[in-house]
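What follows is a short report on a single structure.
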Amino acid sequence: MTRNPSYWLMKSEPDVFSIQDLKACHVTGWDGVRNYQARNYLRDGLKVGDGVLFYNSNTHLSGISGLAEVVKGGYPDDTAFDPKDVHYDPKSRTDHPIWYRVDVKFVRAFRSVIPIQTLRKTPGLKNMVLFRNARLSVQPVTKREWEIILRLAEKAQNPTVQKPRSPQ
DNA sequence: GCCAACGTTGGC
DNA sequence: GCCAACGTTGGC
């Protein structure tokens with residue numbers, strides 16, 4: 001029995017890991033998340049086939065830069081076990097992992113980023129978790145929000161044809 | 001680089 | 001278990 005896909009938004013600082021980086025490596029483990037609410041989504045919420053909006057955070061052009069898809073559901077984030085890793089957390093042990101990750105694959109990079117200002121003013125997106133809980137780096141997106149954003153992306157790919165100026 | 005929002009830590 | 005202090009996130 002398969003369930004309908006769910007939709008998510010995942011933040012990344014593009015200076016650290018961008019949609020182009022994901023395109024280059026095809027699949028990546030989304031590791032290093034150290035927030036309990038985001039952890040719960042990674043561990044229990046994200047399932048194979050779910051859609052992911054790739055969000056650029058903390059950069060000069062914050063917004064959605066492309067799409068990804070979950071290819072492996074939650075499993076322990078082993079960067080927490082490695083004392084040399086920046087995300088090391090001694091409280092997380094192999095027999096009692098605290099932190100989880102998923103694997104996502106590249107789907108598409110938008111030709112241009114959909115800026116947060118556009119999202120904010122688009123009808124139907126006002127209640128996105130992005131605006132209600134700005135600091136959550138893994139967050140659910142409704143089917144309706146997902147569809148609205150895909151339409152914005154299409155519009156950006158295929159801008160309305162300008163009427164040609166009549167010759168003088 | 002500033003600073004508001006907010007999650008976490010730790011003293012009590 | 002309260003809450004002040006502190007650290008981090010992230011838009012601007």
Side-chain angles (χ1 to χ4, degrees), chain A residues 6-25 28-46 50-70 73-104 106-142 144-146 148-153 155-156:
Chain A
S6 299
Y7 304 99
W8 307 92
L9 178 148
M10 297 171 87
K11 296 184 186 175
S12 181
E13 302 192 18
D15 294 346
V16 177
F17 189 82
S18 70
I19 188 77
Q20 295 304 330
D21 293 328
L22 180 60
K23 184 178 187 177
C25 67
T28 194
W30 204 273
D31 57 29
V33 173
R34 298 292 180 268
N35 166 284
Y36 286 100
Q37 202 181 343
R39 184 283 308 270
N40 293 346
Y41 287 131
L42 290 172
R43 187 187 59 193
D44 309 325
L46 282 75
D50 285 357
V52 174
L53 300 170
F54 193 108
Y55 182 88
N56 291 3
S57 67
N58 200 21
T59 180
H60 63 282
L61 213 188
S62 296
I64 297 167
S65 57
L67 303 178
E69 185 181 315
V70 178
Y75 65 102
D77 177 357
D78 64 12
T79 63
F81 307 140
D82 179 0
K84 291 194 286 291
D85 196 284
V86 287
H87 298 298
Y88 175 60
D89 182 354
K91 294 192 301 299
S92 187
R93 293 143 36 87
T94 50
D95 53 343
H96 288 286
I98 295 176
W99 304 113
Y100 283 73
R101 68 171 160 214
V102 300
D103 289 350
V104 302
F106 174 81
V107 173
R108 181 146 81 84
F110 295 159
R111 183 173 299 168
S112 57
V113 173
I114 303 175
I116 186 171
Q117 296 86 349
T118 300
L119 301 173
R120 193 172 266 132
K121 71 185 185 198
T122 299
L125 299 183
K126 299 218 170 8
N127 292 322
M128 284 186 76
V129 178
L130 187 64
F131 304 124
R132 290 187 293 115
N133 187 354
R135 296 182 49 189
L136 187 60
S137 69
V138 176
Q139 50 180 263
V141 169
T142 67
R144 179 166 149 71
E145 290 161 352
W146 172 269
I148 290 171
I149 288 163
L150 287 209
R151 248 180 282 132
L152 288 177
K155 218 194 292 183

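Chain letters run A, B, ... following the sequence lines, proteins first, then strands; residues in each count from 1. Since the structure is predicted, the reported quantities are computational estimates derived from the model, not experimental observations.
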[X] side, atom [atom1]; [Y] side, atom [atom2] - distance, nearest 0.5 Å:
X        : Y        : atom1 : atom2 : answer
A:Ile98  : A:Arg43  : CD1   : CZ    : 11.0 Å
A:Ile64  : A:Ile114 : CD1   : CD1   : 5.5 Å
A:Tyr100 : A:Asp31  : OH    : CG    : 15.0 Å
A:Gln139 : A:Leu53  : CD    : CG    : 9.0 Å

What residues form a side chain to side chain donor-acceptor pair (under 3.5 Å) with A:Ser12, not counting sequence neighbours?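 If we apply the side chain to side chain donor-acceptor pair (under 3.5 Å) test to A:Ser12, skipping adjacent residues, there are no hits.
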
What is the distance, rounded to the nearest whole Å, between atom [atom1] of [X] and atom [atom2] of [N]?
X        : N      : atom1 : atom2 : result
A:Leu136 : C:dG10 : CG    : C1'   : 13 Å
A:His87  : C:dT8  : NE2   : P     : 13 Å
A:Leu119 : C:dG10 : CG    : P     : 15 Å
A:Asn35  : C:dG10 : CG    : C1'   : 14 Å
A:Met10  : C:dG10 : CE    : C1'   : 18 Å
A:Phe131 : C:dT9  : CZ    : C1'   : 16 Å
A:Leu130 : C:dG11 : CG    : P     : 7 Å
A:Arg132 : C:dG10 : CZ    : P     : 16 Å

Does [X] place a side-chain N or O at less than 4.0 Å from the phosphate oxygens OP1/OP2 of [N]?
X       : N      : answer
A:Ser62 : C:dG10 : no
A:Lys11 : C:dT9  : no
A:Tyr55 : C:dG11 : yes

For a ring pair (Phe, Tyr, Trp, His ring centres under 6.0 Å) check, start with the C-alpha distance between A:Phe54 and A:Trp8, then their side-chain angles and the critical distance, and finish with the verdict. CA-CA 9 Å; A:Phe54 193 108; A:Trp8 307 92; over 10 Å; no

Closest listed nucleotide, where the reference is the side chain of A:Arg120 and the choices are B:dT9, C:dG10, C:dC12: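 Within the option list, the nearest is C:dC12.
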
Rounded to 10 degrees, the angle between the two terminal axes of the helix from B:dG1-C:dC12 to B:dC12-C:dG1, each from five pairs: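 The end axes of the helix from B:dG1-C:dC12 to B:dC12-C:dG1 are about 10° apart, to the nearest 10°.
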
Between A:Arg34 and A:Ser92, is there a side-chain donor-acceptor contact under 3.5 Å, judged purely by atom types and distance?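 A:Ser92 vs A:Arg34: no donor-acceptor pair found between side chains.
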
How about NZ on A:Lys23, more than 12 heavy atoms from neighbouring residues, nucleotides or ligands closer than 6.0 Å, or not?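 Open: at most 12 neighbouring heavy atoms sit under 6.0 Å from NZ of A:Lys23.
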
Which letter, B, S or -, goes with each nucleotide of nucleotides 2-7 of chain C from 5' to 3', with contact meaning a protein heavy atom under 4.0 Å? -----B

For A:Ile19 against A:Gly66, the heavy-atom pair lying closest together: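 Where A:Ile19 meets A:Gly66 most closely, the heavy atoms are CD1-CA, 4.0 Å.
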
Across the strands shown, which category fits A:Arg34 at heavy-atom distances under 4.0 angstrom: base, sugar-phosphate, nothing?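 Touches nothing.
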
